[in-house]
Amino acid sequence: MNRTLRPSTYRLVGGLVLLLAALTVAVVLLPDANQKRIQQEKAAQAAKATLNAQEAELGKLKTRVENLRISRERMEETLGSLSQENEGQLKWKLSRALYDFSAASGTRIQAVKYGTPTREGAKGTDLEALDVEFVASGIYTNLKAFMFALEKSKLPFGLANGKLEESPEGARLTITLRAFRRTGITKADPAGEEA
């Protein structure tokens, strides 16, 4: 009987050791592994959130780059289409167009005044601006037709200021146009010459 108890005792001791090892694993190692798994899941979620944020920022930057490219193309197209006529030719062209639009719309142009050409924008450009101020008078419908004709023209100008007033003769529209031209001469930056 002693012999039969020995293998059973070994088995019992072996089972108790395995049970103790299993309890140790369950009590010590499993919570630690679970904690590591939770930390890994949190890290993965944080990494995914960071990736999504970076992808969104990249999308915004791509959109901005595309908008800058389009703006640059438009600017180059606009600069390429600007007049390179001299000041006298530009004044004559604007005057002729104003009086043609006035005759076609039934308005009257008064007091056309040309300002002195000024350099525009940053130093080193060849852009020059010429302000033209005039008064157009007539009835409102005719002034509206005059402004539509002026707006649709291919003249190199922009509306700088406009003011509509009532007068004894009808409506009176005071307008300042700013015409742009390229001189072909760039003025160097004085600060750049010293450097």
- Note on the structure: In short, Gly106 meets Asn142 closest at the heavy-atom pair O-ND2, 3.4 Å
- Query: Are Phe101 and Val112 grouped together when hydrophobic residues (ILVMFWY) are joined by side-chain heavy atoms under 4.5 angstrom apart?
  - Reply: yes
- Message: I'd like to know if the side chain of Thr176 reaches the main chain of Glu133, judged simply by a donor and an acceptor atom lying under 3.5 Å from each other, with no hydrogens or angles considered.
- Response: no
- Query: So how far is it from Arg108 CZ to Leu143 CG, rounded to the nearest 0.5 Å?
  - Reply: 11.0 Å
- Task: Flag the pair Glu66 and Lys62 as a salt bridge only when some basic side-chain nitrogen lies within less than 4.0 angstrom of an acidic carboxylate oxygen.
- Result: no
- Note on the structure: CE of Met147 to OH of Tyr140, rounded to nearest 0.5 Å, is 10.5 Å
- Message: Using side chain to side chain contact (heavy atoms under 4.5 Å, CB included), reason through Phe134 and Leu173 one step at a time and then give a plain yes or no.
- Response: CA-CA 8 Å; Phe134 63 92; Leu173 187 61; over 6 Å; no
- Message: So does Leu150 get a backbone contact from the side chain of Ser153, meaning a donor-acceptor N/O pair under 3.5 Å?
- Response: yes
- Go through the steps to decide whether Val65 and Arg69 satisfy the test side chain to side chain contact (heavy atoms under 4.5 Å, CB included), and finish with yes or no. CA-CA 6 Å; Val65 165; Arg69 184 190 64 75; 5.5 Å; no
- Note on the structure: Taken to the nearest 0.5 Å, the spacing of Asp100 CG from Phe146 CZ works out to 10.5 Å
- Task: Give a yes or no on whether Val135 and Tyr99 share a hydrophobic cluster (residues Ile, Leu, Val, Met, Phe, Trp, Tyr; joining criterion: side-chain heavy atoms under 4.5 Å apart).
- Result: no
- Taken to the nearest 0.5 Å, the spacing of Arg172 CZ from Leu164 CG works out to 11.0 Å
- Nearest 0.5 Å please: distance from the CG atom of Asn67 over to the NZ atom of Lys60. 13.5 Å
- Message: With rounding to the nearest 0.5 angstrom, report the CZ to CD1 distance, Arg74 to Ile70.
- Response: 6.0 Å
- Thr50 side chain vs Ala46 backbone, donor-acceptor pair below 3.5 Å: yes
- In this structure, are over 12 heavy atoms from other groups packed under 6.0 Å from Lys91 atom NZ? yes
- Correct closest heavy-atom pair for Leu130 and Gly115 would be CD1-O, 3.0 Å
- Query: Per the side chain to side chain donor-acceptor pair (under 3.5 Å) rule, which among Gln39, Gln45, Arg37 passes with Glu41?
  - Reply: Arg37
- Query: Any side-chain heavy atom of Glu151 sitting closer than 4.5 Å to one from Leu159?
  - Reply: no
- Item | Atom of Gln110, atom of Ser137 and distance for their closest heavy-atom approach | NE2-OG, 3.5 Å
- Cluster question for you: counting only ILVMFWY and a side-chain heavy-atom cut-off of under 4.5 Å, with indirect links fine, are Ile109 and Leu177 together? yes
